[in-house]
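Each remark here refers to the structure printed beneath this line.
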Amino acid sequence: MKKIRIVFVHDQLICGGTDQALFDLVQLLDKEKFEVSVFAQKPGGPWDQKFIDAGIHVVYDYSCRKATWNPVVKLGNILKKFRTARAYRRNGENLLDVCIPEGFDIIVSYSMWDHVLCGFSPKAKSVKYLHGNMQTNAQFRELILRDRELLPRYDRIIGVSQLATDAFKQITGITEGVHTCFNPMNSDYVHGLAEKKVDLPTDLPLICAVGRLCMEKGFERLIVIHKRLLEAGVAHRLVIVGDGEDRDYIRRIVNAVDAQDSVILAGYQLNPYPYMKQSKFVVCSSFTEGLPVIAMEALCLGIPLVSAVPSVQEIFGDEECGLITENDNQSLLEGIRKMLTDEAFYEKIKSGAQRRSRFFDGQRMVQEVEQIFLDMMKE
């Protein structure tokens, strides 16, 4: 059987949930059926080496112009440089044809913000992923609608949650070829890494939040909620795992509310899973998400969840795995308070999360995506 050649187009390989989801998906795809490349629009991301070390073929716009002393190859590189510059002038049109001359069968616009036409080629099928909810995320809605006239050109559109898919259908009016697939996760990998120990205090209940330090993740409000609960006599510690553009601002918030002794800013961790496993529960304080990868990772480990993101309910199935609150500070505070103070309720939720962990089998989850790719190639 001839392998299907897939290229995933991604903005930049940073340390976010979308990047982890891409990493897991590429690793889980059946290598007997698929030959996979990742085209990174911006080189120099902190996770470039992580992908490369895992044996993933990462391509940049200069990868097709390797330094050489061969005069014939040098001449070819000059031509490639000219063709690349022309593609950028045309908003990315035929860029991948230049950068991946060996060819491809499917282009997946995984998380792409620039050079929108590089998601298409007359030689390939095309797929667009939706990681955000257009109903609740104004910036994501603006980015999608900016390219509204291009959307019908995609052979398939995949939302990572039903809410994200439904919002897309409602706002754009496009319904044909639109699917919902949870991001498959490498469950064996997660469980293995979670066994490593990290030095965390055990004198008080620990709650954990993981993500990029940016405004949409809601860490500022989480720190304020944490301080309010302490003042109300609900003893606990908060550990935040992640890095990002707001790291200094978040640190100032911790200092401003005088929570230096109870908030642990762990920074970026290549392996966040021990922090989650050693916590009583995980909090997703984001203002908006398509479906947070961290929520699935927590449940994969059997760790309960408190979240203000409604799409998380989709991964609970028929189990009570946590609390979904309204997306306001008081509701989130009350959800965290209940998990910390109502021990009988917590034990019930913990048991539900442990039962639900069996659902997150990466090999099973990736088959849904693989079938979409296989069906496309039959058309």
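This is a predicted model, so every value here is computed, not measured.
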Requested in this report: Look at the aromatic rings of W47 and F51 and report parallel, tilted or perpendicular, splitting at 30° and 60°.
Outcome: tilted
Requested in this report: Classify the ring geometry between Y346 and F281 as parallel (under 30°), tilted (30 to 60°) or perpendicular (over 60°).
Outcome: tilted
Could you list the residues that satisfy ring-ring contact (aromatic ring centres under 6.0 Å, His included) with [X], not counting sequence neighbours?
{"X": "Y154", "value": "F120"}
{"X": "Y129", "value": "Y110, H131"}
{"X": "Y88", "value": "H115"}
{"X": "F345", "value": "none"}

If you measure from [atom1] on [X] to [atom2] on [Y], what distance do you get to the nearest 0.5 Å?
{"X": "I303", "Y": "Y273", "atom1": "CD1", "atom2": "OH", "value": "13.0 Å"}
{"X": "R148", "Y": "I171", "atom1": "CZ", "atom2": "CD1", "value": "11.0 Å"}
{"X": "N91", "Y": "D147", "atom1": "CG", "atom2": "CG", "value": "7.5 Å"}
{"X": "L222", "Y": "I207", "atom1": "CG", "atom2": "CD1", "value": "6.0 Å"}
{"X": "N329", "Y": "I225", "atom1": "CG", "atom2": "CD1", "value": "5.0 Å"}

Backbone of [Y] reached by a side-chain donor or acceptor of [X] within 3.5 Å:
{"X": "H10", "Y": "F8", "result": "no"}
{"X": "R212", "Y": "E245", "result": "no"}
{"X": "Q27", "Y": "N186", "result": "no"}
{"X": "S286", "Y": "A308", "result": "no"}
{"X": "D328", "Y": "S331", "result": "yes"}
{"X": "T175", "Y": "K169", "result": "no"}
{"X": "H57", "Y": "V7", "result": "no"}
{"X": "E370", "Y": "D30", "result": "yes"}
{"X": "R337", "Y": "L229", "result": "no"}
{"X": "N137", "Y": "N133", "result": "no"}

Hydrophobic clustering (ILVMFWY, side-chain heavy atoms < 4.5 Å, transitive) - are [Y] and [X] grouped together?
{"X": "F287", "Y": "M134", "value": "no"}
{"X": "I336", "Y": "V241", "value": "no"}
{"X": "V306", "Y": "L299", "value": "no"}
{"X": "M296", "Y": "L22", "value": "yes"}
{"X": "L230", "Y": "I253", "value": "no"}

Return the minimal non-hydrogen interatomic distance between [X] and [Y], and the atom names on each side.
{"X": "D97", "Y": "P122", "result": "OD2-CD, 4.4 Å"}
{"X": "C300", "Y": "S357", "result": "O-CB, 3.3 Å"}
{"X": "L332", "Y": "S285", "result": "CD2-CB, 3.9 Å"}
{"X": "V9", "Y": "C118", "result": "CG1-SG, 4.0 Å"}
{"X": "L374", "Y": "I4", "result": "CD2-CD1, 3.7 Å"}
{"X": "V239", "Y": "A266", "result": "CG2-CB, 4.2 Å"}

With side chains defined as the heavy atoms from C-beta onward, is the minimum distance between [X] and [Y] less than 4.5 Å?
{"X": "E289", "Y": "S307", "result": "no"}
{"X": "I250", "Y": "R247", "result": "no"}
{"X": "S262", "Y": "L204", "result": "no"}
{"X": "I106", "Y": "D155", "result": "no"}
{"X": "F359", "Y": "R364", "result": "yes"}
{"X": "K280", "Y": "H236", "result": "no"}
{"X": "F39", "Y": "C99", "result": "yes"}
{"X": "L301", "Y": "V190", "result": "yes"}

What residues form a side-chain contact (heavy atoms from CB on, under 4.5 Å) with [X], not counting sequence neighbours?
{"X": "E319", "answer": "C321, R355, R356"}
{"X": "K80", "answer": "C64, R65, N77, V98"}
{"X": "E195", "answer": "K277"}

Checking [Y] against [X]: is there a side-chain donor and acceptor pair closer than 3.5 Å?
{"X": "Q170", "Y": "D166", "value": "no"}
{"X": "D61", "Y": "T84", "value": "no"}
{"X": "T288", "Y": "T136", "value": "yes"}

List for me each residue that meets side chain to side chain donor-acceptor pair (under 3.5 Å) alongside [X], sequence neighbours excluded, and say none if there are none.
{"X": "E220", "result": "Y249"}
{"X": "S161", "result": "none"}
{"X": "E102", "result": "none"}
{"X": "D203", "result": "R237"}

Requested in this report: Mind jotting down which residue pairs meet the ring pair (Phe, Tyr, Trp, His ring centres under 6.0 Å) criterion with at least one end in residues 304-327? Sequence neighbours excluded, please.
Outcome: none
Does [X] have more than 12 heavy atoms from other residues, nucleotides or ligands lying within 6.0 Å of its [atom1]?
{"X": "D53", "atom1": "CG", "value": "yes"}
{"X": "E326", "atom1": "CD", "value": "no"}
{"X": "E334", "atom1": "CD", "value": "yes"}
{"X": "K31", "atom1": "NZ", "value": "yes"}
{"X": "E149", "atom1": "CD", "value": "yes"}

Does a side-chain N-to-carboxylate-O contact under 4.0 Å join [X] and [Y]?
{"X": "R86", "Y": "E93", "result": "no"}
{"X": "R228", "Y": "E231", "result": "no"}
{"X": "K125", "Y": "D105", "result": "no"}

